[in-house]
2 protein chains.
Amino acid sequence: MSLPHAILTALLEKPSSGLELTRRFDRSIGYFWSATHQQIYRELGKLEEAGLIRALPAGQPARGQKKAYEVLPAGRAELARWTAAAQDPRPMRDTMLLRLRAAAVVGTEGIEADLRRHLELHEAQLAEYREIERRDFPPGRDGAEDRLRHLVLRAGIDLETFWTEWLRHALADFPELPDPAA
Amino acid sequence: MSLPHAILTALLEKPSSGLELTRRFDRSIGYFWSATHQQIYRELGKLEEAGLIRALPAGQPARGQKKAYEVLPAGRAELARWTAAAQDPRPMRDTMLLRLRAAAVVGTEGIEADLRRHLELHEAQLAEYREIERRDFPPGRDGAEDRLRHLVLRAGIDLETFWTEWLRHALADFPELPDPAA
DNA sequence: CCCCTTTTTGCAACTAGTTGCATAAAGCGG
DNA sequence: CCGCTTTATGCAACTAGTTGCAAAAAGGGG
C-alpha cells in the first residue's frame, strides 16, 4: 500500500492539484511508482478524509476547478512512520522472463521482434534518465536531499543499463538457437 | 494477465497437482512470477473450464485428494500465441526507492536498518540462484531449452548482484548524511 | 453570446492479487 | 478405533490497480 505515501511525498515536495500531481507522476515519482489520474483523485479523496492532507483554501471546490492540496502534520508523521518501518521487498514480476521460459517449451517463434522492441524502450528510458541526471545533478551540488534523490536516480540508470545489456546479450544468443517447435 | 500462462508453462514442463505447482512456484517459476496456492487453484479451475488443461484421469476428484492436470493442445496453442505477442514491459514499482525519496523529505531516521536487512535478503537470494546455476547448468550442456532457461536465471543473478551492489553503495553513503529532520 | 474544444475532476465497473479461513482425507500415536 | 496433526483443495471477502466513460468549467472563434 504505497500509493498514498507516494502522493504525500510528492505533495510535500510541492503542494499541487490532482492534475499537476498526475503530470509529476508521469515524469519523476512515477518512474518507480506509476499511477493514473483516476487512482490519484481517488487517493486524494481518501487522504483528505483521513485528515492527512487538506485542500488549499481557494475558490469553492467544484468540478472542473483546480483544487490544490497540502500535507498536514498528521500526513507528514504518517509518511515518516511508513518510511522508517521495515518492509519486505515485493516479489519480482517480469513478463519477459516468463515468456522466455515459456519459449523454452513452445518455441521461440515471434518473440525476437519483441525483445528488440523492449531493447529500444529500455534504451530510450536510459537516455531520459541520463538527461535528467545531467540536468538536475551537475557535479557540484550534493546536499543531503539531493544525494538521496541522486541515489534513487542512479538505481534507475543502472537498472536500465542492466536491461539493455541483458537484452543485447539475449539477442546475440538468439539467431543460433534452433526452434524447439519446428 | 500472466498467471495462467505461468501455470501452462509449468504444467508443460511437468503435469502436476495444485500443491505440486505451488511448491514449484516457490522454487523456480515463482522467482519471477510468484503466486499463492489460492491463486493457483482458482486459476486451475478457470483453465480447466476454458478447455486449456484437463485433470489427469485418476480416482474420482474429491477434496483432500490429489488431482493432477495436463495441458491440452488448445492450452499449448494459447501459450505459444501469448509468448509471441508484443507486450509492453510493466512499469516498475519499487517500495525502497520510494521510501528513499520520501526520506529526502521527512528524514532518514530508521531506514538504514531496513536497507541492511534488504541487503541480506538480496545476498541470500543471490546465493540461492548461484547454487541453482551450479547444480542445473554445469559448463558442458547447452541445448536450446537449457540455453533459454539459463538466460533467464542469469537475469535473476545479475539483478540480485545489481541490488546488493546498489544497497552497499547506498549504505556506504549513508552515515555521512545529516538528517534533514533533525 | 453560443457552440466547440480543452482542461480538470471524478464515478463505476472490472481485473488481478492477497488474506483469512474452511473442509475433506490420510497418516500416526496411543 | 479415536483423536491429533499434516496434506491437499478450495471458497469468500478484501485490497489494489486498470479501463472506460462522463460531467463541469474555462477559453477561444465566429
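Computed from a predicted structure; not experimentally measured.
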Using a cut-off of under 3.5 Å, enumerate the N/O to N/O pairs linking the protein to nucleotides 17-19 of chain D.
| unit_1 | atom_1 | unit_2 | atom_2 | d |
| --- | --- | --- | --- | --- |
| D:dT18 | OP2 | A:Gln39 | OE1 | 3.0 |
| D:dT18 | O4 | A:Arg42 | NH2 | 2.5 |

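If you take CD1 of A:Ile40 and P of C:dT8, they are 14 Å apart, rounded to a whole angstrom. When the C1' atom of D:dT9 is taken as reference, atom CZ of B:Arg23 falls 13 Å away, rounded to whole Å. B:Leu19 places its CG atom 11 Å from the P atom of D:dG10, with the value rounded to the nearest Å. Atom CG of B:Asp26 and atom P of D:dT7 are 14 Å apart (whole Å). Rounded to whole angstrom, the span from the OH atom of A:Tyr41 across to the C1' atom of C:dG10 amounts to 8 Å. Rounded to an integer number of Å, the gap from CD of A:Glu48 to P of C:dT9 is 12 Å. Atom CD1 in A:Ile7 sits roughly 13 Å away from atom P in C:dT9 (whole-Å rounding). The nearest whole Å value for the distance from the CD atom in B:Glu43 to the P atom in D:dC11 is 13 Å.
By the salt bridge (charged side-chain N to carboxylate O under 4.0 Å, His left out) test, B:Arg134 pairs with B:Glu131, sequence neighbours left out. With sequence neighbours excluded, no residue forms a ring pair (Phe, Tyr, Trp, His ring centres under 6.0 Å) with A:Tyr69. Considering only residues two or more places apart in sequence or on other chains, B:His118 meets the ring pair (Phe, Tyr, Trp, His ring centres under 6.0 Å) condition with none of them. With sequence neighbours excluded, the residues forming a ring pair (Phe, Tyr, Trp, His ring centres under 6.0 Å) with A:His5 are A:Trp82, listed by chain and number.
Heavy-atom distances to DNA chain D give each of A:His37 and B:His37 a nearest nucleotide, and the one nearer the 5′ end belongs to B:His37.
Pairs passing the side chain to side chain donor-acceptor pair (under 3.5 Å) check and including a residue from residues 41-52 of chain B, sequence neighbours excluded, do not occur.
Aromatic ring pairs are classed by plane angle as parallel below 30°, tilted from 30° to 60° and perpendicular above 60°; the pair B:Tyr129 and B:Tyr31 is perpendicular.
Distances shorter than 4.0 Å separate none of the side-chain N or O atoms of A:Thr22 from OP1 or OP2 on C:dT8.
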